[in-house]
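Take a look at the structure below.
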Amino acid sequence: MKTRGMRNVLSVLLIGVMLLSSSLCVHADTSSNWQTATVYGYSYDYRSSLWNRYFNSGNTIEAVAEVFTSNRKNAPAGYMGAQARLYTSSGTLKYASSMVYNDTAVINVYAYSERATSSGYFYSQSKVNFYNGNGYTSYTANKSPNAAVPSALNSNIEYSVNVNNETYGSGLLADALGIEPDLIAAVGRDGIEGYVRSEDLAPTPSNPEEAVVMAERAKTDRTIPLYSLEGEVIGEFVVNAVEENVVNNIRASYDD
């Protein structure tokens, strides 16, 4: 009787999952390879993904940053941070999520960009932060292989430098060059093209306690300046809140 009852429960749960999946039609379209980093005694796996979602409004695509502890054991609160960035095929930043930190002890963190509905090809690239005992160590994940790399993005390219001695260009080059430019090419509100500062896009906390505070603040949109190449403010770029994506952020917590 207990076995039969358990089977019935599992059947109901399976049907529920199938219905949810059919209503959202979510699947991972493409992902970069998993990369691994060991910081302050914890090993992490991270990657960049692009997800297609089909709603009544049609097909959408979004960038997803994925981080797991390598041994699937809980990392303390504030130890893991992830930011999802969605780029156009030309290497221009279109959307970016807030930097999401784990506010409780968990094994993984997800971050989601806003969904794009326009046609064309996109890349996903994740930025991750891991607590190192005295601040955070940052890594840029490989970009997702959703589309052919534009001919302008080759192994010989370097960031250009503006009159203020600041580097600028596509943030997609960060995985190849090992560092982000000071100014990342982006499209702000009202379609204005310009640049956002890397330090504005993903501010780094000084400790896990501050990371937990940032995790709470990440539940609301924030705007950062959009700059011209010369450093003049010409508009705003919206860093998306994570609250609207919390339904899609399935995080598991295991007891040690």
Side-chain angles (χ1 to χ4, degrees), residues 28 31-49 63-85 93 96-113 124-144 167 171-182 184 196-220 222 224 239-243 245-246 248-256:
S31 300
S32 68
N33 59 301
W34 286 103
Q35 295 168 265
T36 301
T38 300
V39 181
Y40 201 51
Y42 289 85
S43 290
Y44 306 94
D45 299 326
Y46 59 94
R47 70 177 181 178
S48 309
S49 295
V64 182
E66 302 178 71
V67 177
F68 283 81
T69 55
S70 298
N71 60 3
R72 302 305 187 259
K73 296 294 184 179
N74 291 343
Y79 270 48
M80 300 181 290
Q83 182 180 51
R85 301 179 182 182
L93 180 67
S97 74
S98 296
M99 178 66 75
V100 181
Y101 289 91
N102 61 312
D103 53 6
T104 58
V106 291
I107 67 168
N108 64 328
V109 169
Y110 287 86
Y112 304 84
S113 75
S124 169
Q125 190 174 66
S126 305
K127 182 171 183 177
V128 296
N129 286 347
F130 302 125
Y131 183 61
N132 60 26
N134 188 30
Y136 286 79
T137 302
S138 297
Y139 296 91
T140 299
N142 293 335
K143 57 183 173 289
S144 65
T167 56
L172 279 177
L173 294 174
D175 60 336
L177 299 182
I179 189 172
E180 292 182 339
D182 298 319
I184 298 174
V196 294
R197 293 192 183 280
S198 174
E199 59 188 19
D200 291 340
L201 188 60
T204 302
S206 57
N207 53 60
E209 291 75 22
E210 187 176 337
V212 171
V213 173
M214 289 179 63
E216 181 64 28
R217 291 176 180 170
K219 294 179 180 180
T220 58
R222 65 183 178 91
I224 60 177
V239 180
N240 302 128
V242 297
E243 184 68 23
N245 293 314
V246 73
N248 307 315
N249 186 0
I250 303 172
R251 301 185 303 176
S253 178
Y254 296 158
D255 292 329
D256 292 329

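Remember, predicted model here, so these are calculated numbers, not experimental data.
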Atom pairs and distances, donor-acceptor, side-chain atoms in residues 198-205, under 3.5 Å, two or more places apart:
residue: S198; atom: OG; partner: E180; partner atom: OE1; Å: 2.4

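The two residues A77 and P208 make their nearest non-hydrogen contact at O-CB, 3.5 Å. Closest approach of V100 to A111, counting heavy atoms only: CG2-CB, 3.8 Å. Taking all atoms of both residues into account, the shortest heavy-atom contact from Y44 to V39 is CE1-O, 4.2 Å. A75 approaches N102 most closely through the heavy-atom pair O-ND2, 3.4 Å. Closest approach of M80 and N108 over heavy atoms only: CE-N, 4.0 Å. Closest non-hydrogen pair, A82 versus V67, comes out as CB-CG2, 3.9 Å.
One finds the OG atom of S98 at 7.5 Å from the CD atom of Q83 (value rounded to the nearest 0.5 Å). Here the OG1 atom belonging to T36 is positioned 4.0 Å from the CG atom belonging to D45, to the nearest 0.5 angstrom. Taking NZ of K143 as the reference point, atom OG of S48 lies at 9.5 Å (rounded to 0.5 Å). With rounding to the nearest 0.5 Å, the separation of CG in L173 from OG1 in T140 is 11.0 Å.
A donor-acceptor pair under 3.5 Å is formed between the side chain of S97 and the backbone N or O of A84.
No hydrogens or angles considered: a donor-acceptor pair under 3.5 Å links the side chains of D182 and T167.
Applying the salt bridge (charged side-chain N to carboxylate O under 4.0 Å, His left out) test to every pair with at least one member in residues 201-217, sequence neighbours left out, gives these pairs: E216-K219.
Scanning for side chain to side chain donor-acceptor pair (under 3.5 Å) contacts around N132 gives T137, with sequence neighbours left out. For S43, the side-chain contact (heavy atoms from CB on, under 4.5 Å) partners two or more places apart in sequence, or in a different chain, are T38, S70. A search for side-chain contact (heavy atoms from CB on, under 4.5 Å) contacts involving N142 returns S32, N33, Q35, D175, not counting sequence neighbours. Not counting sequence neighbours, the partners of Y131 by the ring-ring contact (aromatic ring centres under 6.0 Å, His included) test are Y40, Y79, Y136. In terms of the side chain to side chain donor-acceptor pair (under 3.5 Å) criterion, residue partners of E66 (sequence neighbours excluded) are, by chain and number, R47, S49. Not counting sequence neighbours, T69 has no partner by the side chain to side chain donor-acceptor pair (under 3.5 Å) test.
Side-chain contact check for Y46 versus F130: some heavy-atom pair is nearer than 4.5 Å. Side-chain atoms of R85 and L93, non-hydrogen and from C-beta on, do get closer than 4.5 Å to each other.
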Exercise. Start with the C-alpha distance between S138 and N129, add both sets of side-chain angles, then the distance that settles side chain to side chain donor-acceptor pair (under 3.5 Å), and finish with yes or no.
Key: CA-CA 4 Å; S138 297; N129 286 347; 2.5 Å; yes

